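Notes follow once the structure below has been shown.
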Amino acid sequence: MIADGQLLFSKKDSGRFPNPAEVEDRYALLKDGKELPPVQPAERNWFVSKLLSKLTG
């Protein structure tokens with residue numbers, strides 16, 4: 001995903017699909033003129049940890 005000529009997210013580079021609202025959050029940073037943090041590579045247990053956090057609170 002490219003916005004204003006800047007790469008916001010790349011599935012190819014990260015090895016994963018974006019997390020919910022990740023692209024929108026990165027675009028908001030770009031609009032505010034802030035530097036984008038590096039995209040974190042794929043985490044094997046992302047879905048499980050997200051599900052557990054929803055179930056526990």
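All of these numbers come straight from a predicted model, not from anything done at the bench.
- Using modelled atom types, one side-chain atom of Arg26 and one backbone atom of Pro37 make a donor-acceptor pair closer than 3.5 Å.
- Asn19 contributes atom CG, which lies 10.0 Å from atom CG of Asp25 (distance to the nearest 0.5 angstrom).
- No continuous path of ILVMFWY side-chain contacts below 4.5 Å connects Phe17 to Val23, so the two sit in separate hydrophobic clusters.
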Are Leu7 and Val39 close enough, and set up right, to give a side-chain contact (heavy atoms from CB on, under 4.5 Å), and what steps lead you there?
CA-CA 10 Å; Leu7 181 66; Val39 173; over 6 Å; no
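- By the side-chain contact (heavy atoms from CB on, under 4.5 Å) test, Ala3 pairs with Leu8, Tyr27, Leu30, sequence neighbours left out.
- Checked against side-chain contact (heavy atoms from CB on, under 4.5 Å), Leu52 has the following partners two or more places apart in sequence or in another chain: Val48.
- Taken together through direct or relayed side-chain contacts under 4.5 Å among Ile, Leu, Val, Met, Phe, Trp and Tyr, Met1 and Leu29 form part of one hydrophobic cluster.
- The residues Arg16 and Glu22 are annotated as salt-bridged, a charged nitrogen and a carboxylate oxygen being separated by less than 4.0 angstrom.
- Contact between Asp13 and Ser10 at its shortest, heavy atoms only, is N-OG, 3.1 Å.
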